[in-house]
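Just so we're clear, the structure is a prediction, and the values are computed from it rather than from any experiment.
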Amino acid sequence: MADAQIVVSGLTKQYGTVRAVDNLSFVVEPGRVTGFLGPNGAGKTTTLRMILNLVRPTAGTATIGGRRYVDLDQPLRTVGAVLEASSAHRGRTGRNHLRAICAAAGLPMKRADEVLELVGLTPAAKRKFKGYSLGMRQRLGIAAAMLGDPRVLILDEPANGLDPEGIRWMRDLLRRFATDGRTVLVSSHLLSEMQLLADELVIIAAGRLVTQGKVETIVNGMAHAARVRVRTPEPEKLLAELGPAATVQRTDDGSLLVGGVEAPAIGAAALRASVELHELTPERPDLEAVFLELTAGKATIR
């Protein structure tokens, strides 16, 4: 839906001589989870802050449903955001923290209990914030973001402090949110989790767009990075038969990672050379390998 589309156009942020974000443009569509990835210092958090009008751009625009965040009539009903672990008065309970936000935003008090249930914090509703673990604070932050039943969720490293069960809970929550036709933009360093969670990716480095697209398209587009794991008691004989087309990495466990040659061709070469094979396993690149290749040498902000 157009009212939940995020459009970043020519976004730039200059801090003195440092350009944290450099003419960055991308679109985040509703109905899917979009992962926002980049090395440390790539400009991800600065970009999210500009989308939420917490940082003023040097140039360019960022809109949600065609409007700047600051111009939204009821921002909490349109956008929910978590840019760091939830902060609250140490002596205030989780429920009262959420009720205070409800009062300020003109939301019904019952929403506090509804979102506490949604994020699994009902048993801790009466506990004071100072006794919350980092994972509980993350859940409370997501609860606060959900108070207005928003069309858009923007989350920066929401899995910090969550245990494996909590990460799976968050994945399921965000997927349900997107399936309902809403928009999710989430930044994370957990690439294996992002490969499970995201439908699309926006990858940046040094403040610039590296690529955007569906997860499977980006990963499969690096098919040249695919390798075959080979184990043989006669590696030199096999490599001589494969010839210069094969690129080889020797691993600590004695196996070979062979690139540039498909598994059937390696098997045929072994047969011709009368080489015994103990393993012949194709290994496709995962998101981590693709991310590292795409961002190699591009991590430094100017």
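If you chain together hydrophobic residues whose side chains sit under 4.5 Å apart, L54 and I6 fall into the same group. In the hydrophobic clustering of this structure, L271 does not group with L239; members are Ile, Leu, Val, Met, Phe, Trp, Tyr whose side-chain heavy atoms approach within less than 4.5 Å, directly or through other members. When hydrophobic clusters are built by joining Ile, Leu, Val, Met, Phe, Trp and Tyr residues whose side-chain heavy atoms come closer than 4.5 Å, directly or via intermediates, V7 is not grouped with L201. The hydrophobic clustering, which links ILVMFWY residues whose side-chain heavy atoms are closer than 4.5 Å, places V21 and Y15 together. The hydrophobic cluster containing I154 does not contain V27, counting ILVMFWY residues as joined when their side-chain heavy atoms lie under 4.5 angstrom apart, directly or transitively.
D163 contributes a side-chain N or O that, together with a main-chain N or O of E165, makes up a donor-acceptor pair within less than 3.5 Å. At distances below 3.5 Å, at least one donor-acceptor pair connects side-chain atoms of R182 with backbone N or O atoms of P150. With hydrogens and angles disregarded, no donor-acceptor distance shorter than 3.5 Å links the side chain of E241 to the backbone of A273. A distance-only check finds no donor-acceptor pair linking the side chain of R92 to the backbone of N96 [under 3.5 Å]. The closest donor-acceptor contact from the side chain of R95 to the backbone of A125 lies at 3.5 Å or more, if one exists at all. In this structure, R229 contributes its side chain and T281 its backbone to no donor-acceptor pair below 3.5 Å. For the pair T47 (side chain) and G43 (backbone), a donor-acceptor distance under 3.5 Å is present. Looking only at distances, a side-chain donor or acceptor of E157 sits under 3.5 Å from a matching main-chain atom of H189. Formation of a donor-acceptor pair under 3.5 Å by the K13 side chain with backbone atoms of R56 is found in this model. One N or O on the side chain of T183 and one on the backbone of A4 form a donor-acceptor pair closer than 3.5 Å.
With rounding to the nearest 0.5 Å, the separation of CG in D199 from NZ in K214 is 9.0 Å. Taking OG1 of T34 as the start and CD of Q212 as the end, the distance is 7.0 Å to the nearest 0.5 Å. Rounding to the nearest 0.5 Å gives a distance of 11.0 Å between CD1 of I203 and NZ of K44. Atom CG of L287 sits about 8.5 Å away from atom CE of M194, to the nearest 0.5 Å. Taking CG from D286 and CG from L191, the interatomic distance works out to 8.5 Å, rounded to the nearest 0.5 Å. Note that CD1 of I142 and CG of L118 are 9.5 Å apart. Values are rounded to the nearest 0.5 Å.
Contact annotation: the side chain of V119 never approaches that of L140 to less than 4.5 Å [non-hydrogen atoms, C-beta and beyond]. The side-chain heavy atoms of T251 and S255, taken from C-beta on, include a pair separated by under 4.5 Å. Using a 4.5 Å cut-off on side-chain heavy atoms (C-beta onward), T45 and S187 make no contact. Put simply, the side chain of H278 reaches to within 4.5 Å of the side chain of P233, judged on heavy atoms. Proximity of L11 to P57: side-chain heavy atoms (C-beta onward) are separated by under 4.5 Å at one or more points. Here the side chains of L121 and R127 are not in contact, with every heavy-atom distance at 4.5 Å or above. With a 4.5 Å cut-off on side-chain heavy atoms, L52 and L83 count as touching. When side chains are defined from C-beta on, R175 counts as touching L197, because their heavy atoms get closer than 4.5 Å.
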Apply the test side chain to side chain contact (heavy atoms under 4.5 Å, CB included) to residues V230 and L277: give CA-CA distance (whole Å), side-chain angles for both, the deciding distance (0.1 Å), then the verdict. CA-CA 7 Å; V230 180; L277 292 180; 3.9 Å; yes
Using side chain to side chain contact (heavy atoms under 4.5 Å, CB included), reason through L147 and L76 one step at a time and then give a plain yes or no. CA-CA 7 Å; L147 280 170; L76 288 184; 6.0 Å; no
Begin with the C-alpha distance, continue with both residues' side-chain angles, and end with the deciding distance and a verdict on side chain to side chain contact (heavy atoms under 4.5 Å, CB included) for Y132 and R137. CA-CA 6 Å; Y132 276 22; R137 293 183 184 195; 3.8 Å; yes
From CA spacing to verdict: side chain to side chain contact (heavy atoms under 4.5 Å, CB included), D73, R67: CA-CA 10 Å; D73 295 328; R67 305 174 69 183; 3.4 Å; yes
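Of all heavy-atom pairs spanning V115 and A112, the tightest one is CG2-O, 3.4 Å. Nearest approach of Y69 to I51, heavy atoms of both residues: CB-O, 3.5 Å. The heavy-atom pair separating V184 from F177 by the smallest distance is CG2-CD2, 3.4 Å. Across all non-hydrogen atoms, the minimal contact from N53 to V70 is OD1-N, 2.7 Å. Closest of all the heavy-atom pairs between L24 and R208 is CD1-C, 4.1 Å. The shortest heavy-atom contact between R111 and M146 is NH2-O, 2.6 Å.
Among L185, V33, L174, L48, the single residue meeting the side chain to side chain contact (heavy atoms under 4.5 Å, CB included) criterion with L155 is L174.
For E279, the CD atom sits in a packed shell: over 12 heavy atoms of surrounding residues, nucleotides or ligands are nearer than 6.0 Å. For CZ of R90, the number of neighbouring non-hydrogen atoms (other residues, nucleotides, ligands) closer than 6.0 Å is 12 at most. No more than 12 heavy atoms of other residues, nucleotides or ligands lie within 6.0 Å of NZ in K128, so this atom counts as exposed by the packing criterion.
Of the charged side-chain nitrogens involved, none lies within less than 4.0 Å of a carboxylate oxygen, so that K110 and E117 do not count as a salt-bridged pair. Taking the charged nitrogens against the carboxylate oxygens, R49 and D156 have no contact shorter than 4.0 Å, which rules out a salt bridge.
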